[in-house]
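What you see is a predicted model, and the numbers here were worked out from it, not measured in a lab. All chains are named by letter (A, B, ...) in the order of the sequence lines, taking the proteins before the strands, and each is independently numbered beginning at 1.
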There are 2 protein chains.
Amino acid sequence: MSKRHVSLKTLAQTLNVSISTVSRALRNHPDISAELTQKVQELAQELDYSPNPLAIGLLKHQSNTIGVIVPDLVTYFFSSIISGIESVANEHGYYIVIRCSYESAEKEKECLDNLLKLRVAGIIMCLAQETQDYAHFSNLIEEQVPLVFFDRICRPEEVSTVVVDNLEAARRITRHFFESGYRRIAHIAGPAQLNITQERIQGYQQGLAECDLAFDESLLVHCDLSIPSATEATRQLLALPVRPDAIFGVNDTTAFAAMKEIKRQGLRIPNDVGLVGFTDEFHATVVEPTLTSVMHPTYEMGREAGLLFLEQVNAQAAPAPRQAVLTTQLVIRESSVR
Amino acid sequence: MSKRHVSLKTLAQTLNVSISTVSRALRNHPDISAELTQKVQELAQELDYSPNPLAIGLLKHQSNTIGVIVPDLVTYFFSSIISGIESVANEHGYYIVIRCSYESAEKEKECLDNLLKLRVAGIIMCLAQETQDYAHFSNLIEEQVPLVFFDRICRPEEVSTVVVDNLEAARRITRHFFESGYRRIAHIAGPAQLNITQERIQGYQQGLAECDLAFDESLLVHCDLSIPSATEATRQLLALPVRPDAIFGVNDTTAFAAMKEIKRQGLRIPNDVGLVGFTDEFHATVVEPTLTSVMHPTYEMGREAGLLFLEQVNAQAAPAPRQAVLTTQLVIRESSVR
DNA sequence: AACCTTTGCGCAAAGCTTTGCGGAATTATC
DNA sequence: GATAATTCCGCAAAGCTTTGCGCAAAGGTT
């Protein structure tokens with residue numbers, strides 16, 4: 001760090017005025033004469049003065065950093081959401097500090113603690129898969145620390161959230177399968193405690209009902225969102241006495257793992273088994289057959305989360321928590337139409 | 001923020017001792033009696049005291065945040081490197097603040113300025129594609145601000161860098177094509193000013209030479225690493241009077257764009273055209289045919305960058321810049337063997 | 001010419017931490 | 001019992017910024 005940055009003190013000494021005068025001049029305070037103001041501002045410009053955010057943070061008890069916690073840094077889903085958050089943050093003079101929970105509840109708590117110790121302005125996060133106990137958010141909520149959940153959420157009555165229309169999307173997928181002639185429609189779901197899992201299962205069941213298809217428990221299997229687990233789930237489905245003719249995967253990892261396993265068993269997509277996933281555009285179009293999928297507006301989710309966050313930061317009183325529900329789009333490609 | 005955190009002052013008042021005594025007690029200073037030390041530490045524990053990093057930063061002129069600048073947040077390559085950086089940072093009590101240059105030289109400079117104004121401890125970054133002028137790093141270098149470049153680098157005599165064995169990898173690819181029977185081997189290269197482009201072109205030419213193949217200028221085309229540009233480059237190659245029978249793409253985006261375009265023109269991979277890219281594992285195995293590719297140890301690159309950074313931070317004197325060269329691995333799959 | 005209002009600037013505190021130095025009280029020494 | 005040496009703790013400054021308050025000089029008023 002060294003003596004890189006000049007401070008108000010430097011400016012003041014150079015101009016032979018007091019520090020407070022310099023401070024006021026830089027903020028165009030009317031108490032300071034026009035000519036002195038100009039002289040100060042010119043010198044500040046010349047010496048590349050920038051106020052020390054540490055000092056300001058200390059004084060004002062506020063910070064311009066947003067803590068962001070994701071279960072995983074590497075997948076497209078999260079990195080594009082981060083990208084959205086970063087863009088909003090940047091536009092409003094905020095910086096994002098990223099930590100990864102690696103889907104662990106314990107690590108999530110640790111990340112949270114650490115970021116709070118760092119004195120971030122608040123937290124934007126997606127719950128870890130493992131997290132089932134939501135008590136560690138109580139303090140934050142009570143103390144009105146700005147907090148936004150996205151995708152995997154909890155306590156929505158108390159915390160602002162950004163989600164997609166999971167139920168509706170799952171319903172549409174199911175109906176799309178039906179309309180394409182598929183009748184034994186399976187669903188590889190995520191961990192049972194996650195809101196996204198529950199909502200998508202509900203949509204799946206609702207879709208089945210609307211198509212007058214009975215819900216068959218054996219066609220609903222859970223996985224932990226990892227590739228091996230999704231592969232295993234697919235195997236389980238394909239080993240059923242009466243094989244499903246369509247599979248709807250809960251996310252992109254699941255869908256691709258399923259695709260590989262289906263192919264490995266010598267089955268053809270979409271003829272033998274139809275396949276749909278929640279994915280991002282790039283992946284879905286590069287595989288063969290191209291994958292029908294529900295597009296998450298991930299970048300927009302990130303931006304929306306950022307905006308909800310800023311809303312809380314800027315509010316003098318604590319604003320009522322808001323629920324942003326973004327709409328997904330079912331993009332029909334080769335894998336689900338025969 | 002509010003009154004969330006207790007300060008030394010609170011502890012001192014509660015115990016009726018001075019702030020400095022509390023400070024010393026917490027750091028086990030021998031001047032403080034054992035019993036008082038214990039009392040202080042117990043209270044601190046109870047009240048969940050954590051020292052304010054803003055105050056410490058102000059006092060010691062140092063920070064525990066690392067500025068990270070990437071050209072793109074979304075691609076696997078960068079997000080997995082970020083993941084590596086984050087893990088090292090975390091292990092050593094540092095936090096990473098991420099900014100995105102969107103491949104723009106101007107934005108890159110802006111990110112750099114902003115992060116320095118935030119008083120980060122230093123910068124880990126990958127150059128934007130557009131960046132051709134490296135003058136804005138001179139200040140940092142002179143003032144010995146910890147700085148590490150990865151992948152796309154400049155001024156390696158002055159700055160620590162993390163790269164892969166680009167030349168060697170490109171040479172291996174070329175020879176692999178030759179050994180698989182390909183003879184008109186084309187290369188879709190990146191922007192000419194990037195070190196990675198230059199090194200891979202050199203490796204490509206060296207490989208050709210070793211196989212007694214003449215270098216044909218028309219088989220070397222540049223793209224800007226975007227999908228449309230890579231598609232266009234592929235088109236250009238395939239439209240040549242004598243079509244190449246093998247294409248080596250400079251990165252994953254390029255390789256996949258090429259794959260799509262080759263297929264679109266009704267050509268078969270690997271029979272009509274062999275294809276190899278620099279990619280990550282997941283993408284490469286999910287496409288059809290599976291893609292032979294050079295695997296970047298991306299996570300390791302991130303970790304290495306983090307370690308080189310910490311080396312600079314912890315050194316009292318400025319350490320000599322170090323060049324970490326990680327080795328890639330050529331993973332042969334279906335797309336390059338007929 | 002005496003008083004009042006502006007105008008223009010500085011003092012000092014607060015926010016939190018670390019640390020050199022000084023000082024009071026206790027113990028040891030002669 | 002007086003002096004020297006410990007032991008244990010507090011004062012204050014530094015790091016940087018903002019802001020309420022006070023104060024001097026200048027100008028205006030009668």
Side-chain angles (χ1 to χ4, degrees), chain A residues 1-41 43-44 47-65 93 116-121 143, chain B residues 1-41 43-45 47-65 93 116-121:
Chain A
M1 295 286 288
S2 74
K3 274 283 166 220
R4 268 224 312 293
H5 298 96
V6 307
S7 67
L8 291 182
K9 194 174 175 181
T10 317
L11 301 183
Q13 285 171 347
T14 308
L15 293 172
N16 258 320
V17 293
S18 77
I19 292 179
S20 36
T21 299
V22 174
S23 173
R24 289 194 171 91
L26 290 175
R27 328 180 93 241
N28 288 309
H29 194 287
D31 266 10
I32 310 301
S33 69
E35 48 182 346
L36 182 53
T37 297
Q38 194 186 347
K39 267 202 333 202
V40 170
Q41 294 190 352
L43 185 67
L47 265 51
D48 197 29
Y49 167 80
S50 75
N52 188 326
L54 298 177
I56 296 180
L58 196 56
L59 185 66
K60 302 224 173 152
H61 282 279
Q62 61 178 27
S63 122
N64 54 167
T65 55
L116 292 175
K117 284 184 181 167
L118 188 64
R119 268 63 170 177
V120 294
E143 287 161 11
Chain B
M1 296 287 288
S2 75
K3 274 281 166 218
R4 267 224 313 294
H5 297 97
V6 307
S7 66
L8 291 181
K9 195 174 176 183
T10 317
L11 300 183
Q13 285 171 346
T14 308
L15 293 173
N16 258 319
V17 292
S18 76
I19 291 178
S20 37
T21 299
V22 174
S23 173
R24 289 193 171 91
L26 289 175
R27 328 181 93 239
N28 288 310
H29 193 286
D31 264 10
I32 309 300
S33 69
E35 50 182 345
L36 182 53
T37 297
Q38 193 186 345
K39 268 201 333 201
V40 169
Q41 294 188 352
L43 185 67
Q45 179 94 43
L47 266 51
D48 197 30
Y49 167 79
S50 75
N52 189 325
L54 298 177
I56 296 180
L58 197 55
L59 187 66
K60 302 224 173 152
H61 282 280
Q62 61 178 26
S63 124
N64 54 167
T65 55
L116 292 175
K117 283 186 181 168
L118 188 64
R119 268 63 171 177
V120 295

Does B:N52 reach the side chain of B:S7, with side-chain heavy atoms less than 4.5 Å apart?
-> no
[X] side chain: which of [options] is closest?
| X | options | value |
| --- | --- | --- |
| A:L58 | C:dT18, D:dC8, C:dG15 | C:dG15 |
| B:R27 | C:dT18, D:dT17, D:dT18 | C:dT18 |
| B:S33 | D:dT18, D:dG10, D:dC8 | D:dC8 |
| B:L59 | D:dT18, C:dC9, C:dT18 | C:dT18 |
| A:K60 | D:dT18, D:dG10, C:dG10 | D:dT18 |

Could you state the atom-to-atom distance from [atom1] of [X] to [atom2] of [N] in whole Å?
| X | N | atom1 | atom2 | result |
| --- | --- | --- | --- | --- |
| B:N52 | D:dG15 | CG | C1' | 13 Å |
| A:I32 | D:dG20 | CD1 | C1' | 14 Å |
| B:L11 | D:dG10 | CG | P | 13 Å |
| A:K117 | C:dC16 | NZ | C1' | 17 Å |
| B:R24 | D:dC11 | CZ | P | 12 Å |
| A:I19 | C:dA13 | CD1 | P | 14 Å |
| B:K9 | D:dG10 | NZ | P | 16 Å |
| A:Q13 | C:dG10 | CD | P | 13 Å |

Closest approach of [X] and [Y], non-hydrogen atoms and distance?
| X | Y | value |
| --- | --- | --- |
| A:A44 | A:L11 | CB-CD1, 4.0 Å |
| B:L26 | B:Q41 | O-NE2, 3.9 Å |
| A:I32 | A:R24 | CG1-CB, 3.6 Å |

When all nucleic acid strands are considered with a 4.0 Å heavy-atom cut-off, which category describes B:L54: base, sugar-phosphate, or nothing?
-> nothing
For A:S7, report the nucleic acid contact type (base, sugar-phosphate, nothing); a contact means any heavy atom under 4.0 Å.
-> sugar-phosphate
Most 5' of B:P30 and B:I56 on DNA chain D, judged by nearest nucleotide | B:P30
If you compare every side-chain N and O of [X] against the phosphate oxygens of [N] (OP1, OP2), does one of them come in below 4.0 Å?
| X | N | result |
| --- | --- | --- |
| B:H29 | D:dC9 | no |
| A:H5 | D:dG15 | no |
| A:S20 | C:dG10 | no |
| B:T21 | D:dC9 | no |

Side chains of B:R119 and A:S50, donor plus acceptor under 3.5 Å = yes
Could you verify whether a donor N or O on one side chain and an acceptor N or O on the other, from B:S18 and B:T21, lie under 3.5 Å apart?
-> yes
Between the side-chain atoms of B:D31 and the base atoms of D:dC8, is any donor-acceptor pair under 3.5 Å?
-> no
